K.L.:
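My questions will all concern the structure given below.
When reading the values below, keep in mind they use all heavy atoms of this one structure, side chains included, and skip hydrogens, waters and symmetry mates. Keep in mind that what you see is a predicted model, and the values were worked out from it rather than measured. Labels below follow one simple rule: chain letters A, B, ... track the order of the sequence lines, proteins then strands, and each chain is numbered from 1.
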There are 2 protein chains.
Amino acid sequence: MPITKVNENELLDRLTDVFRTYGYEGASLSKISEVTGLQRASLYHRFPGGKEDMAKAVLERAGQWLTGQVLAPLSEPGKPADRIRHMAKELHSFYAGGKHCCLLDSLSFGSDDSDIRQHVQQGMSEWVDKLAKVVREAGVSSKNARQHAQDAISHIQGTLVVARVMKDYGPFERMLSELPTTLLRKKS
Amino acid sequence: MPITKVNENELLDRLTDVFRTYGYEGASLSKISEVTGLQRASLYHRFPGGKEDMAKAVLERAGQWLTGQVLAPLSEPGKPADRIRHMAKELHSFYAGGKHCCLLDSLSFGSDDSDIRQHVQQGMSEWVDKLAKVVREAGVSSKNARQHAQDAISHIQGTLVVARVMKDYGPFERMLSELPTTLLRKKS
DNA sequence: TATTATTTACCGAACGTTCGGTATAAGTCA
DNA sequence: TGACTTATACCGAACGTTCGGTAAATAATA
């Protein structure tokens, strides 16, 4: 078979970049074609389902990344606070120090019942659940654990919004450094 | 002169709704026309600068609303904590309990140097400054005041993202109720 | 040769925008 | 008052462009 012009991983990297930056509607096929170096028709060869397939693939891979790289350190041996510090480090590189915004934000606009929206919701839902589980294992009560997980993710999303709008990455950095404390606080 | 089909305020209300929900690119003139009840050409009579003018007008009014309704209670007499509680109340209705997402989020996607983006940045910048000023007046050190203001706005944005994605308004409500504490904490 | 990746060329539909024109209200002046 | 002008609010139809998507042909590997 002929060689691919762009390999799967790099293709998804660039797609991620476009969807992150411009959102779903803003990510036109022209822009995608320009960024990936593939013509529209070639993109349809790679993603028969078109733009929606691309967005789903991007979300899928981001979810795997999150699970494997960010959430995994939480399940390894060591003191809970150390494990969370490890996660913070992974989050830092995942979001490029706040310079990359979150797909769960950029892809969550538009009509309520869109297919993409459901994927986004499921992604965030899994994130909350997995994070809450670990916090619970660290000795926080079940109810508080879920709240802390939600609050942490809220804070991540919020600092990323501020970073995007203001180009100020301070709040994101600060939030990461305070994660061990805020996430494991016994009483809210 | 003939009477208007939709008055200025209601028109801006509906425009706000569309931009909030769909973002700038997602808010097509067809959708706007449908929601406002005005034909495309009529919208250009009201907003000669087209879609961009509409978004700017919407941002402008939201900024005035924020200044007048949300930030104003912070400058009135009374205990700082009470004043912040008042602001929280106003924020609650401003964002409809978390069901309305923030224009500063939905309009902040797309190319970095767009005119809209600059308006959004200026809007959030003003918000941080005004909030920081009040926190400083309540006795918090200058540096901490700015950080607390940024953190509060981050948390607002974050809980709104979570609310939009998950349809869970708990984090937003919780965040508002904890605002007096978090905003006035002396040490971080 | 069979298969696969990519391309050129093209499609109908929707995009944001503009134009020509109509209906209504208010001001002007014989 | 009544005819005339001006200004406003709106609309239908079209503008050129871009949208997401497809069919047929070419190039390259196995």
Side-chain angles (χ1 to χ4, degrees), chain A residues 1-59 106-107 109-111 113-117 119, chain B residues 1-59 106-107 109-111 113-117 119:
Chain A
M1 62 199 105
I3 244 171
T4 54
K5 198 170 177 186
V6 197
N7 70 33
E8 182 79 2
N9 245 321
E10 191 151 358
L11 181 52
L12 284 172
D13 278 347
R14 300 183 188 178
L15 284 174
T16 302
D17 217 31
V18 181
F19 280 118
R20 234 194 337 237
T21 309
Y22 297 98
Y24 186 79
E25 319 267 359
S28 67
L29 286 204
S30 313
K31 214 165 289 180
I32 291 173
S33 167
E34 180 188 326
V35 168
T36 59
L38 291 176
Q39 299 292 339
R40 274 200 277 281
S42 310
L43 289 165
Y44 273 84
H45 176 68
R46 300 288 199 98
F47 301 94
K51 194 174 167 181
E52 199 167 310
D53 257 19
M54 302 181 207
K56 283 178 187 170
V58 157
L59 271 173
S106 56
L107 295 180
F109 292 93
S111 59
D113 54 346
S114 86
D115 220 2
I116 295 293
R117 279 287 291 264
H119 271 68
Chain B
M1 59 200 100
I3 50 171
T4 56
K5 201 171 176 185
V6 196
N7 70 34
E8 182 79 3
N9 245 319
E10 192 153 355
L11 180 53
L12 284 172
D13 278 347
R14 299 182 187 178
L15 283 174
T16 302
D17 218 31
V18 181
F19 280 117
R20 235 195 334 240
T21 309
Y22 297 98
Y24 186 79
E25 319 268 357
S28 68
L29 284 210
S30 312
K31 215 166 288 180
I32 292 174
S33 166
E34 182 188 326
V35 168
T36 59
L38 291 177
Q39 298 294 337
R40 281 185 187 72
S42 309
L43 290 165
Y44 272 83
H45 175 68
R46 301 286 200 99
F47 302 95
K51 194 174 168 181
E52 199 168 310
D53 257 20
M54 301 181 209
K56 284 178 186 169
V58 157
L59 272 173
S106 56
L107 295 180
F109 292 94
S111 60
D113 54 347
S114 86
D115 220 2
I116 294 292
R117 279 286 292 263
H119 270 69

K.L.:
Please give, in whole Å, the distance from D:dT17 P to B:Glu25 CD?
P.N.:
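Taking CD of B:Glu25 and P of D:dT17, I get 19 Å after rounding.
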
K.L.:
Got A:Leu11 and A:Leu38 here, is their nearest side-chain heavy-atom distance under 4.5 Å?
P.N.:
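Yes, at least one pair of side-chain atoms sits under 4.5 Å.
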
K.L.:
Tell me the closest heavy-atom pair linking B:Leu12 and B:Ala57, and the distance in Å.
P.N.:
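Taking B:Leu12 first and B:Ala57 second, the nearest heavy atoms are CD2-CB, 3.9 Å.
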
K.L.:
Would you mind reporting whether B:Leu107 and B:Leu59 have side-chain heavy atoms less than 4.5 Å apart?
P.N.:
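Of all side-chain heavy-atom pairs linking B:Leu107 with B:Leu59, at least one is under 4.5 Å.
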
K.L.:
Does the side chain of A:Ile116 reach to within under 4.5 Å of the side chain of A:Lys51, using non-hydrogen atoms?
P.N.:
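Side chain of A:Ile116 against side chain of A:Lys51, heavy atoms only: no contact under 4.5 Å found.
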
K.L.:
Give, for atom OG of A:Ser30 and atom CZ of A:Arg40, the distance between the pair rounded to the nearest 0.5 Å.
P.N.:
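That separation rounds to 4.5 Å.
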
K.L.:
Rounded to the nearest angstrom, tell me the gap between atom CG in B:Asn7 and atom P in D:dT8.
P.N.:
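Distance check: B:Asn7 CG to D:dT8 P gives 18 Å.
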
K.L.:
Side chains of A:Met54 and A:Arg46, heavy atoms from C-beta outward: is any pair under 4.5 Å?
P.N.:
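Heavy-atom side-chain distance check fails, nothing below 4.5 Å.
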
K.L.:
Expressed as a whole number of angstroms, how long is the span from A:Glu8:CD to C:dT4:P?
P.N.:
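After rounding, the gap between these two atoms is 16 Å.
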
K.L.:
Using whole Å, what does the distance between atom C1' of nucleotide D:dT18 and atom CD of A:Glu34 come to?
P.N.:
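Roughly 14 Å, once rounded to whole Å.
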
K.L.:
Nearest whole angstrom, please: distance from the P of D:dG20 to the CG of A:Leu15.
P.N.:
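After rounding, the reported distance stands at 13 Å.
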
K.L.:
Nearest-Å distance, CG (A:Leu11) to C1' (C:dA5)?
P.N.:
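My rounded result for the distance is 12 Å.
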
K.L.:
When the distance from CG of B:Leu38 to C1' of D:dT8 is rounded to whole Å, what number comes out?
P.N.:
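Taking atom C1' of D:dT8 as the reference, CG of B:Leu38 is at 14 Å.
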
K.L.:
Report the distance from atom CG of B:Leu43 to atom P of C:dT18, rounded to the nearest whole Å.
P.N.:
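Result: 13 Å.
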
K.L.:
Can you check whether A:Lys56 reaches A:Asp115 side chain to side chain, under 4.5 Å on heavy atoms?
P.N.:
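Yes, close enough: below the 4.5 Å cut-off.
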
K.L.:
Picking from C:dT7, D:dT8, C:dA5, which would you name as closest to the side chain of B:His45?
P.N.:
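The listed nucleotide nearest to B:His45's side chain is D:dT8.
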
K.L.:
Would you please classify the geometry between the A:Phe19 ring and the A:Tyr24 ring as parallel, tilted or perpendicular, with 30° and 60° separating the classes?
P.N.:
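Geometry flag for A:Phe19 against A:Tyr24: parallel rings.
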
K.L.:
Going by number, which of residues 48-58 of chain B have a non-hydrogen atom under 4.0 Å from DNA chain C?
P.N.:
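When residues 48-58 of chain B is checked for heavy atoms under 4.0 Å from DNA chain C, the hits, listed by number, are B:Gly50, B:Lys51.
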
K.L.:
Return the 5'-most residue of the pair B:Tyr24, B:Ile3 with respect to DNA chain C, ranking by each residue's nearest nucleotide.
P.N.:
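On the 5' side of the pair lies B:Tyr24.
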
K.L.:
Any chance you could list the contact pattern along nucleotides 8-14 of chain C? Use B for base contacts, S for sugar-phosphate-only contacts and - for none, protein heavy atoms under 4.0 Å, 5' to 3'.
P.N.:
B------

K.L.:
Can A:Ser111 and B:Tyr22 be said to form a side chain to side chain contact (heavy atoms under 4.5 Å, CB included), step by step?
P.N.:
CA-CA 7 Å; A:Ser111 59; B:Tyr22 297 98; 4.3 Å; yes

